[in-house]
Q: 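Before I ask anything, let me first share the structure, which is written out below as structure tokens.
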Amino acid sequence: MSVDGILAAGAVGVVGAGYVGLATATGFCHLGHRVVAVDRDTTRIDRLRSGHSDLTEPGLDSVLQSGLDSGRLTLSTDFAELSRCEAVFICVPTPVDGAGHSDLSAVFDVIGKLIRIGGDICIVVIKSTVPVGTASRAERLLRPSAMAVVSNPEFLRESHIVTDFLDPDRIVIGDSDRVAGDRIAALYRGIEAPLERVSLESAELAKHASNAFLATKLSFVNELAALCERTGADIREVTAAMAHDHRIGEAFLSPGPGWGGSCLPKDARALLHSGREAGIELGVLDAAVAANTGATGRVIDTVRRGVTGSAQGNLHGRRIALLGLAFKAGTGDLRFSPALDICRSLIDEGATVAAYDPAIPQPVAGLPDEMELVDDPLLAAKDAAAVIVATEWPEFTELDWAAIADVADDPVVIDTRTFLDPGQLSRCGIRLYSNGIAPTGVLHPTSSW
Ligand code: UGA
């Protein structure tokens with residue numbers, strides 16, 4: 001049987017129906033494969049069977065529904081259904097603790113189950129993000145069952161998972177068994193993207209290194225923003241000039257309140273841990289992580305300066321509005337959101353925080369108890385001494401800033417994302433601090449240095 005013949009014969013299995021698993025299952029189904037997606041969460045599987053993912057992911061419900069309509073997508077809580085699959089993709093969480101140690105119990109639990117199920121399974125594909133060396137460990141466990149291991153890391157941005165699966169920048173396939181790698185590569189037929197065929201170790205490291213590199217780029221930009229403020233430069237002008245250099249590129253050059261989310265912080269810590277385990281110091285990444293920890297402090301200093309006139313001023317008893325809670329626009333995800341760090345710091349200082357986020361209309365787990373969640377930016381801004389814009393939701397550029405100036409208490413607006421129009425806010429009589437832009441006439445090298 002040819003490689004294509006083998007693939008055509010069996011279904012693709014996917015374990016885990018979260019962001020990664022769903023993108024993988026619906027994506028392969030869209031490419032014409034039969035897919036069996038398994039998750040132990042009965043409520044989630046029932047909901048998915050009705051065509052709803054509950055994730056804020058453009059296009060996901062549509063590919064899910066067409067998968068179900070085509071009859072090629074099976075959703076189940078029964079692991080045994082995977083026995084008719086020839087390749088099974090593991091897409092389960094791999095949380096990382098504060099020291100960077102990855103909890104791989106979910107991955108190895110699945111591998112144990114796949115060994116017991118057996119059946120048609122001949123390739124186990126690790127798509128979950130794992131530290132280097134994990135696939136080799138899996139290979140040793142799977143050897144007696146004659147199942148091969150392939151590493152096929154995901155590069156799916158939250159709020160873009162469907163397009164990132166079907167139109168990726170690259171597909172990375174790591175293997176030590178060329179035929180197994182060929183079979184997995186063939187599953188992606190129909191997608192136009194560079195294909196990197198590498199070793200298991202390289203594939204694992206490529207994933208961690210990509211996220212860690214992006215994190216490092218952002219820490220650099222955020223520090224540069226601080227320097228711009230101090231020297232009278234404008235971060236938007238500096239990065240625009242840098243971006244023309246194709247070696248630098250234009251992506252990931254926007255300053256922010258620090259990088260967050262469920263991936264960059266976790267993967268940066270995990271890579272540092274891999275470095276320590278291997279006796280290699282990753283000093284640049286270490287510094288990038290440390291710089292990110294300081295990013296919240298810089299926002300709070302700016303709030304203090306704006307409200308009290310001094311970076312050492314007291315915010316006790318002041319009311320602060322927080323616009324945006326999610327770690328980035330386009331998602332309601334609060335995991336490792338810098339906005340929450342800002343919120344907790346303000347509360348620790350005795351300030352009152354009222355927050356609004358278009359994707360979080362109701363209280364959800366993870367929000368600080370002391371924080372007031374409101375469903376209208378004007379309510380958040382009422383009597384506020386400062387309005388912090390922490391997430392770059394496009395709708396914040398369309399806000400009625402004149403109305404905000406009216407209801408707030410001579411507010412200062414802190415634009416941590418540098419995306420609001422300074423002219424518009426100034427016409428409303430608002431004092432604006434934009435991340436990486438020196439407040440006019442306030443800071444200049446000749447006067448402050
Ligand atoms: C990240 C990677 O971008 C994906 O390629 C990867 O597959 C994914 O993690 C993963 O490992 O699963 P994601 O967590 O969705 O995706 O978040 P990003 O879009 O990368 O944003 C990360 C953080 O950087 C956010 O806090 C965002 O606001 C911040 N950011 C991003 C900036 O502050 N400035 C920018 O210019 C870009």
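Each ligand, and each atom within it, is numbered from 1 in the order the structure gives.
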Q: Short list, please: which atoms of ligand 1 are under 4.0 Å from a heavy atom of Glu154?
A: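 Answer for ligand 1: 7 (O), 10 (C), 11 (O), 12 (O).
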Q: What are the two closest heavy atoms between Ala138 and Ile111, and how far apart are they?
A: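 Answer, listing the atom of Ala138 first, then Ile111: CB-CD1, 3.5 Å.
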Q: Test your reading of the structure: does Gly260 have an N or O sitting under 3.5 Å from an N or O of ligand 1?
A: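 Yes; the residue has a nitrogen or oxygen that sits under 3.5 Å from a nitrogen or oxygen of the ligand.
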Q: When you measure from the side chain of Ser128 to the backbone N and O of Ile90, does any donor-acceptor pair fall under 3.5 Å?
A: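 Yes, Ser128 side chain to Ile90 backbone: donor-acceptor pair under 3.5 Å.
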Q: Could you check atom 20 (O) of ligand 1 against the protein and tell me its nearest heavy-atom contact, residue, atom and distance included?
A: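 Its nearest protein heavy-atom neighbour is Phe252 CZ, 3.2 Å.
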Q: For ligand 1, which is the ligand I care about here, please tell me if Arg157 has any N or O atom under 3.5 Å from one of the ligand's N or O atoms.
A: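 Not met; the criterion fails.
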Q: Below the 3.5 angstrom mark, is there an N/O of Thr129, backbone or side chain, next to an N/O of ligand 1?
A: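 By distance alone, the answer is no.
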Q: Can you list the ligand 1 atoms lying under 4.0 Å from a non-hydrogen atom of Asp267?
A: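 With Asp267 as reference, the close atoms of ligand 1 come out as 11 (O).
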Q: Suppose we measure from atom 13 (P) of ligand 1 to each protein heavy atom; which comes out shortest, and what is that distance?
A: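 Protein heavy atom with the smallest distance to atom 13 (P) of ligand 1: Lys328 NZ, 3.9 Å.
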Q: Need the ligand 1 atom indices (1-based, order shown) with element for anything under 4.0 Å from a heavy-atom of Leu253.
A: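 Once the distances to Leu253 are compared, the set is 36 (O).
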Q: So does Ala354 get a backbone contact from the side chain of Arg319, meaning a donor-acceptor N/O pair under 3.5 Å?
A: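 No.
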Q: Is it the case that the side chains of Trp259 and Asn222 hold a donor-acceptor pair, with the cut-off being a distance below 3.5 Å and no angle test?
A: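 No.
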Q: For residues 197-216, which residue pairs pass the salt bridge (Lys or Arg N to Asp or Glu O under 4.0 Å) check, not counting sequence neighbours?
A: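 Non-adjacent pairs meeting salt bridge (Lys or Arg N to Asp or Glu O under 4.0 Å): Glu154-Lys207, Asp175-Arg197, Asp182-Arg197.
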Q: Is Leu156 in polar range of ligand 1, meaning some N or O pair under 3.5 Å apart?
A: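 For ligand 1, there is an N or O atom that lies under 3.5 Å from one belonging to Leu156.
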Q: May I ask you to decide whether Asp301 forms a salt bridge with Arg298, counting only side-chain N to carboxylate O separations under 4.0 Å?
A: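 No, no charged N to carboxylate O under 4.0 Å.
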Q: In terms of residue, atom name and distance, what is the protein heavy atom nearest to atom 1 (C) of ligand 1?
A: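 Checked against all protein heavy atoms, atom 1 (C) of ligand 1 sits closest to Leu264 CD1, 3.6 Å.
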Q: Is the contact between Leu218 and ligand 1 made by the side chain, the backbone, both, or neither, using heavy atoms and a 4.0 Å cut-off?
A: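 For Leu218, only side-chain atoms sit under 4.0 Å from ligand 1.
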Q: Can you tell which part of Asn211 has a heavy atom less than 4.0 Å from ligand 1: side chain, backbone, both or neither?
A: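 Contact part for Asn211 vs ligand 1: side chain (C-beta onward).
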Q: Just so I know, are the side chains of Pro255 and Arg236 near enough to count as touching, which here means a heavy-atom distance under 4.5 Å?
A: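 When only atoms from C-beta onward are counted, Arg236 and Pro255 do not touch, as no gap falls below 4.5 Å.
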Q: Is it true that Glu57 and Tyr19 share a donor-acceptor pair across their side chains at a distance under 3.5 Å?
A: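 No.
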Q: Looking at atom 36 (O) of ligand 1, what's its closest protein heavy atom, distance included?
A: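 The closest one turns out to be Ser254 N, 3.1 Å.
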Q: Is there a heavy atom in Val221 that sits closer than 4.0 Å to ligand 1?
A: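 False for this residue.
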Q: Counting only heavy atoms closer than 4.0 Å, does ligand 1 sit against the backbone of Arg417, its side chain, both, or neither?
A: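 Near ligand 1, Arg417 shows its side chain, while the N, CA, C and O stay back.
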Q: N/O to N/O below 3.5 Å, does that happen between Glu158 and ligand 1?
A: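 For ligand 1, there is an N or O atom that lies under 3.5 Å from one belonging to Glu158.
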Q: Using a 4.0 Å cut-off to any heavy atom of Lys207, which atoms of ligand 1 qualify?
A: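 What qualifies from ligand 1 is 7 (O), 10 (C), 11 (O), 12 (O).
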Q: Can you tell whether the side chains of Asp109 and Lys113 come within less than 4.0 Å, N to carboxylate O?
A: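 Result for this pair is yes, salt bridge flagged.
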Q: Under 4.0 Å from any heavy atom of Trp259, which atoms of ligand 1 are there?
A: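 So the atoms of ligand 1 that pass are 23 (C), 24 (O), 26 (O).
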Q: So is there a nitrogen or oxygen of Ser262 less than 3.5 Å from a nitrogen or oxygen in ligand 1?
A: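 N/O-N/O distance below 3.5 Å does not exist for this pair.
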Q: Below 4.5 Å, heavy atoms only, C-beta onward: do Pro265 and Arg269 meet side chain to side chain?
A: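 Yes. Closest side-chain heavy atoms under 4.5 Å.
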Q: Is there side-chain contact between Arg34 and Val36, with heavy atoms separated by less than 4.5 Å?
A: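 Answer no - side chains too far apart.
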Q: Assess Cys263 for proximity to ligand 1: is some non-hydrogen atom of it under 4.0 Å away?
A: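 Under 4.0 Å: yes for Cys263.
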Q: Among Val162, Thr163, Asp164, find the residue that satisfies the side-chain contact (heavy atoms from CB on, under 4.5 Å) test when tested with Leu166.
A: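 It is Val162, the one option of Val162, Thr163, Asp164 that forms the side-chain contact (heavy atoms from CB on, under 4.5 Å) with Leu166.
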